[in-house]
Amino acid sequence: MQQAGVSSPQRVFKVVFIGNSGVGKSSFIHHYCRGHFPNKMSTTVGMDFQVRSLVLDSTQIALQLWDTAGQERFHSITTQYYRKADGILVMYDVTQATSLMTVRDWLDQVQKNKADGACVMLLGNKMDMEDGGGRQVTTMQGQNLAEEYQAEFFECSAKSGHNIQEAMTHLARLMGAQQDKQCESVLHSLDNSGHRGHCCT
Ligand code: GTP
Ligand code: MG
């Protein structure tokens, strides 16, 4: 994968980050888009938005990254943003045991409100802190939770950069495959109904 130039993308995906305040959503997006961990990150108010372009298997992709505010008072508006998302990243903090419990609430909400076929990924952030004995949530706990909700799973560090590219590339591939599947099923139903014109291939 490489960062694409300015030419127009062949595919555009909407990706929404959600999770409690302080888990590291904005730091992760900052590192992914600008290549480094921000020294100082203020809590997000309302919503932030960034675009990252990439080339994946010779296809130019633009990822619209919507960074939601984790603070309780913004939760009602957050739902509106992921209803039409192609990808939803639900983040928790591996150094906070309570974080894993509250992430269930987010996953429940996502299951209720997400679009059909949206790709969901659970991300356990701040892995860099496990060396100092800071880890409170095991990899297995995260993995089990992801399986329960049929979500993809990665542990990562917005600070060290560990698994940032890997998680986002994996998500981009999944969203691409999902879009292909949806297009095929539309074409298939057009074929069956006899409505597919000569110009459509
Ligand atoms: P809200 O905007 O309030 O929802 O929070 P957020 O999820 O966007 O968290 P943010 O990125 O602002 O990070 C919160 C704090 O955690 C900041 O002090 C970051 O420096 C720190 N932080 C974020 N990611 C990591 C990480 O991977 N490792 C470590 N050690 N600290 C991190
Ligand atoms: Mg933030």
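Atoms within a ligand are numbered from 1 in the order they appear, just like the ligands themselves. For this chain, numbers begin at 1 and follow the sequence in order.
With a cut-off of 2.8 Å, the Mg ion (ligand 2) has no N, O or S atom of Thr43 in range. Not one N/O/S atom of Met41, from backbone or side chain, sits under 2.8 Å from the Mg ion (ligand 2).
For Phe37 and His30, the ring centers are positioned 6.0 Å apart or more.
Scanning the protein heavy atoms around atom 23 (C) of ligand 1, the nearest turns out to be Ser27 OG, 3.4 Å.
Distances between N or O atoms of Gly70 and those of ligand 1 include at least one value under 3.5 Å. Checked against a 3.5 angstrom limit, the closest N/O atoms of Met127 and ligand 1 fall outside it. On a distance-only criterion, Thr44 and ligand 1 share at least one N/O pair closer than 3.5 Å.
Heavy-atom proximity to atom 12 (O) of ligand 1, evaluated over Met91, Met41, Gln71, is greatest for Met41. The closest non-hydrogen atom to atom 32 (C) of ligand 1, taken over Lys126, Lys159, His31, comes from Lys126. In the candidate list Thr95, Val45, Asp128, Asp128 is nearest to atom 30 (N) of ligand 1, counting heavy atoms.
Only the backbone of Asn20 comes within 4.0 Å of ligand 1, counting heavy atoms alone; no side-chain atom from C-beta on gets that close. In Asn125, the part holding a heavy atom less than 4.0 Å from any atom of ligand 1 is the side chain. Of all the heavy atoms of Phe37, the ones lying under 4.0 Å from any atom of ligand 1 belong exclusively to the side chain.
Residue Gly22 places a heavy atom less than 4.0 Å from ligand 1.
For the pair OG of Ser26 and OG1 of Thr44, the angle whose vertex sits at the Mg ion (ligand 2) is 90° to 10 degrees.
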